[in-house]
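To start, the structure itself, in structure tokens.
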Amino acid sequence: QQQVKQSPQSLIVQKGGISIINCAYENTAFDYFPWYQQFPGKGPALLIAIRPDVSEKKEGRFTISFNKSAKQFSLHIMDSQPGDSATYFCAALHYDKVIFGPGTSLSVIP
Amino acid sequence: ETGVTQSPTHLIKTRGQQVTLRCSSQSGHNTVSWYQQALGQGPQFIFQYYREEENGRGNFPPRFSGLQFPNYSSELNVNALELDDSALYLCASSLDRGGRSEKLFFGSGTQLSVL
């Protein structure tokens with residue numbers, strides 16, 4: 001119940017395309033869902049986050065879609081750029097602990 | 001505003017040894033969390049410190065211990081190192097508001113190799 005599942009494990013997208021990463025959870029006590037971006041040799045950095053009372057949140061080219069009844073949420077990266085190539089982690093907040101998914105390695109090719 | 005800094009960046013130890021990793025929190029933050037990130041995996045929660053007291057612990061054995069100091073910096077200690085302890089250890093600082101730390105700010109980590 002503490003798990004956050006994430007797919008795909010890796011993703012290759014053409015420049016200008018849409019990158020989509022999906023996550024699912026079981027524990028309905030989770031009440032905050034952030035996405036983190038990690039570049040090689042760096043720690044994860046907060047990208048965007050959503051609360052379960054909102055179905056969608058958009059910040060620039062990044063959009064989170066949230067389906068509370070299905071206990072699923074996804075990250076959409078519009079107009080993907082080579083600079084977006086990184087590992088993306090979905091996560092969920094349980095009390096004061098952030099639980100991370102296993103990550104998606106995104107490669108955006110020119 | 002200074003970010004989260006961790007030291008050392010890389011460390012090589014042998015099985016059975018002890019190690020101490022250090023973390024300086026971002027200015028204004030009162031909470032520090034430690035995570036272990038194995039190669040190709042997501043960060044796994046080790047424990048969290050709030051105002052010098054442990055405020056939550058993940059599924060890690062007691063040989064993983066920590067400290068938080070009055071200036072909110074922190075140490076992670078691992079005793080009796082095992083080969084499986086080889087990983088990137090990440091420190092994250094945050095501002096705890098009413099018992100919640102929603103936004104974590106991570107350092108670049110310490111890469112620990114146990115031989």
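Here is how names work: the chains are called A, B, and so on, in the same order as the sequence lines, proteins then strands, and each is numbered from 1. Everything numeric in this text was worked out from a predicted model, so none of it was measured.
Inter-residue side-chain proximity for B:Phe105 and A:Leu46 is flagged as unmet; no heavy-atom pair is nearer than 4.5 Å. Contact of the A:Pro44 side chain with the B:Leu90 side chain is registered, since non-hydrogen atoms from C-beta on lie closer than 4.5 Å.
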Exercise for the section: Dump the intermediate steps for side-chain contact (heavy atoms from CB on, under 4.5 Å) on B:Gln41 and A:Phe89, then the final yes or no. Expected result: CA-CA 10 Å; B:Gln41 297 184 21; A:Phe89 297 97; over 6 Å; no

Handout entry: Pair B:Gln48-A:Val98, side-chain contact (heavy atoms from CB on, under 4.5 Å): steps then yes or no
Key = CA-CA 10 Å; B:Gln48 181 182 85; A:Val98 178; over 6 Å; no

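With sequence neighbours excluded, the residues forming a salt bridge (charged side-chain N to carboxylate O under 4.0 Å, His left out) with A:Asp31 are B:Arg100, listed by chain and number.
Interface remark: B:Gln6 contributes no atoms to any contact with chain A (heavy atom separation under 4.5 Å). Contacts of A:Tyr36 with chain B are made by side-chain atoms alone, with heavy-atom separations under 4.5 Å and no backbone atom involved.
A:Ile20 and A:Ile64 fall into different hydrophobic clusters, defined by Ile, Leu, Val, Met, Phe, Trp and Tyr side-chain heavy atoms under 4.5 Å apart, directly or through other members. Linking ILVMFWY residues whenever their side-chain heavy atoms come closer than 4.5 Å, directly or via other members, places A:Ile50 and A:Tyr25 in the same cluster. Residues A:Tyr88 and A:Phe33 fall within the same hydrophobic cluster, defined by Ile, Leu, Val, Met, Phe, Trp and Tyr side chains chained together at heavy-atom separations under 4.5 Å.
Atom CD1 of A:Ile109 has more than 12 neighbouring heavy atoms from other residues, nucleotides or ligands inside a 6.0 Å radius. B:Arg15 CZ: 12 or fewer foreign heavy atoms inside a 6.0 Å radius. By the 6.0 Å contact criterion, CG on B:Leu115 is enclosed, its count of non-hydrogen atoms from other residues, nucleotides or ligands being greater than 12. Within a 6.0 Å radius of CG in B:Asn59, other residues, nucleotides and ligands contribute 12 heavy atoms or fewer.
No other option in A:Gln6, A:Arg51, A:Gln9 has as many heavy-atom pairs under 4.5 Å with chain B as A:Arg51. Top candidate by heavy-atom pairs under 4.5 Å with chain A, chosen from B:Ser94, B:Gly109, B:Pro43, B:Gly56, is B:Pro43. Between chain A and the options B:Tyr35, B:Phe45, B:Phe106, heavy-atom pairs under 4.5 Å are most frequent for B:Phe106.
No side-chain donor-acceptor contact under 3.5 Å links A:Tyr32 to the backbone of B:Lys103.
Rounded to the nearest 0.5 Å, atoms CG (B:Leu88) and NZ (A:Lys42) are 12.0 Å apart.
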